[in-house]
Amino acid sequence: MNGVRIRAYAKLNLTLDVTGAEGGYHLLDSFVASVSLFDLLVLRKRKDGLVSVTMRGMGSESIPPEENNAQRAGDAFVREFGGGGADVTVYKNIPMGAGLGGSSADAAGVLSGMAALYGADEAKLGALAETLGSDTRYMLRGGFCRMRGRGEDISPVRGGGKLYFLLLCPRTSVSAGACYKEFDRAPSRSALTQSCIDAFVRGDTEGVGRYLSNALYPAAVRLNPDVKTAYEEAKSFSPLGVAMTGSGSCVAALFENKELCEWAKSRYRGKCRAYVAETVVPGPPSEKKGGRLSSPFALSEEEKRSAGYSGD
């Protein structure tokens, strides 16, 4: 295997409760899910132990290498596991600064891709991901999970079914650090994660919509009024529920089915980027010949052929 393509999926916080603080970090309780919006990562082996990352799209070309989580992930992998390095191209589709976890997804995608190329112990790979950001360990596997603490306490949530969303992403972002500082100035408490998970597990999509929530939303709105505009625009289509994801600025509106999401998107006339997304649950990694882990996000052979990919 000389190359691999990886889908780095975005995530949605269906709920986000702030439960306290510890060691200068906020502690969270959040119901999270992977959705079908993804960045595409193309990795090819090198022989010199170096990692080169090229960004394409969404303004990502201007990210300095020292601030690029994909670069940090590649360098960290080589330090921890060795290998010949890689040339990595990230084709961005996930809006930046939207709370969709794009930076963490790219970091996890690089780790996952390099593990597929060179092999890596899964437990050590997870521990390495944890050092690269609070969402990165979750992003290695994705799916429906309850994420607590600083993001290190991850529990899969099974049951329920596929969920469908209209995403409205303002062209302006919200700084996560500034949002948490603003939250501390005027805290907004919620405790809806368990109720949302219970509704999901019993297949009650309307109940999931009722409990969509984000304790950071008031703080994000004070920092960026576009978040409230997006929220109200999404709400105007009468979805089952609406919530901001992460620290903003994207909001997600839950509908009963994909057709209603497409209907809402076709009638949207606002200034936000609009996407229809559905939840995805990648399969578990599998062991390949030579001890390499195959990534649950790697494209299938059929997908490679349809994309014109001729690599190994």
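Note that these values count all heavy atoms, side chains included, but never hydrogens, waters or copies made by symmetry. These numbers come from a predicted model, not from an experiment. In this chain, numbering begins with 1 at the start of the sequence shown.
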May I ask you to decide if [Y]'s main-chain N or O and [X]'s side chain share a donor-acceptor pair within less than 3.5 Å?
X	Y	answer
S62	G59	yes
E80	L125	no
T279	L163	yes
D39	N93	yes
N2	K45	no
D17	T19	no
T245	G99	yes
S36	E278	yes
E152	R150	yes

Next item on the list: Please assess L240 against E256 for the test side-chain contact (heavy atoms from CB on, under 4.5 Å), listing each intermediate value before the final yes or no.
Entry: CA-CA 7 Å; L240 298 176; E256 292 92 332; 3.6 Å; yes
Over all heavy atoms of both residues, which pair between [X] and [Y] is shortest? Give the atoms and the distance, please.
X	Y	value
A215	S188	CB-O, 3.2 Å
R273	P95	NH1-CB, 4.1 Å
P239	A234	CD-O, 3.5 Å
G85	V51	CA-CG2, 4.3 Å
A274	K265	O-CE, 3.2 Å
P170	A230	CG-CB, 3.9 Å

Taking only Lys NZ, Arg NE, NH1 and NH2, and the carboxylate oxygens of Asp or Glu, determine whether [X] and [Y] approach each other closer than 4.0 Å.
X	Y	result
E182	R185	yes
K271	E233	no
D106	K92	yes

Please check if [X] and [Y] belong to a single hydrophobic cluster, counting links between Ile, Leu, Val, Met, Phe, Trp and Tyr side chain heavy atoms closer than 4.5 Å.
X	Y	answer
L254	V201	yes
Y164	L12	no
F165	Y275	yes
I94	V276	no
F200	V281	yes

Check: Would you say the side chain of M96 lies within less than 4.5 Å of the side chain of S60, judging by non-hydrogen atoms?
Finding: yes
Margin query: A side-chain contact here means heavy atoms from C-beta on lying under 4.5 Å apart; do V78 and Y118 qualify?
Written below: no
[atom1]/[X] to [atom2]/[Y] distance, rounded to the nearest 0.5 angstrom?
X	Y	atom1	atom2	answer
C145	R137	SG	CZ	11.5 Å
L140	E122	CG	CD	8.5 Å
S112	L43	OG	CG	9.0 Å
M58	C169	CE	SG	8.0 Å
N214	S247	CG	OG	8.5 Å
E66	Q71	CD	CD	9.5 Å

Margin query: Tell me whether the count of non-hydrogen atoms from other residues, nucleotides or ligands lying under 6.0 Å of CD in E232 goes above 12.
Written below: yes
Notebook entry, point to check: Is the CZ atom of R158 crowded by more than 12 outside heavy atoms at less than 6.0 Å?
Noted result: no
Check: With respect to D87, which candidate in R46, K47, R44 satisfies the salt bridge (Lys or Arg N to Asp or Glu O under 4.0 Å) definition?
Finding: R46
Next item on the list: Going by the side chain to side chain contact (heavy atoms under 4.5 Å, CB included) test, name the single residue among D135, D29, T193, D153 that passes it with M147.
Entry: D135
Next item on the list: Have a look at I197 and tell me which of F144, F31, Y211 forms a side chain to side chain contact (heavy atoms under 4.5 Å, CB included) with it.
Entry: F31
Notebook entry, point to check: Going by side-chain heavy atoms closer than 4.5 Å, which hydrophobic residues are tied to L223, directly or by a chain of links?
Noted result: L16, V18, L28, L166, L168, V174, Y180, F183, L216, Y217, V221, V227, Y231, F237, V242, M244, V251, F255, L260, W263, Y268
Notebook entry, point to check: Can S155 and R148 be said to form a side-chain contact (heavy atoms from CB on, under 4.5 Å), step by step?
Noted result: CA-CA 9 Å; S155 305; R148 288 179 272 203; 3.8 Å; yes
Notebook entry, point to check: Going through the distances and angles, do S249 and N224 end up as a side-chain hydrogen bond (donor to acceptor under 3.5 Å, both in side chains)?
Noted result: CA-CA 8 Å; S249 57; N224 184 353; 5.0 Å; no
Margin query: Could you walk me through whether N69 and L132 satisfy the side-chain contact (heavy atoms from CB on, under 4.5 Å) test, starting with their C-alpha distance in whole Å, then the side-chain angles of each, then the deciding distance to 0.1 Å, before giving a yes or no?
Written below: CA-CA 7 Å; N69 270 4; L132 296 168; 5.6 Å; no
Next item on the list: Go through the steps for L41 and V110 under the test side-chain contact (heavy atoms from CB on, under 4.5 Å), then give the verdict.
Entry: CA-CA 7 Å; L41 279 67; V110 169; 3.7 Å; yes
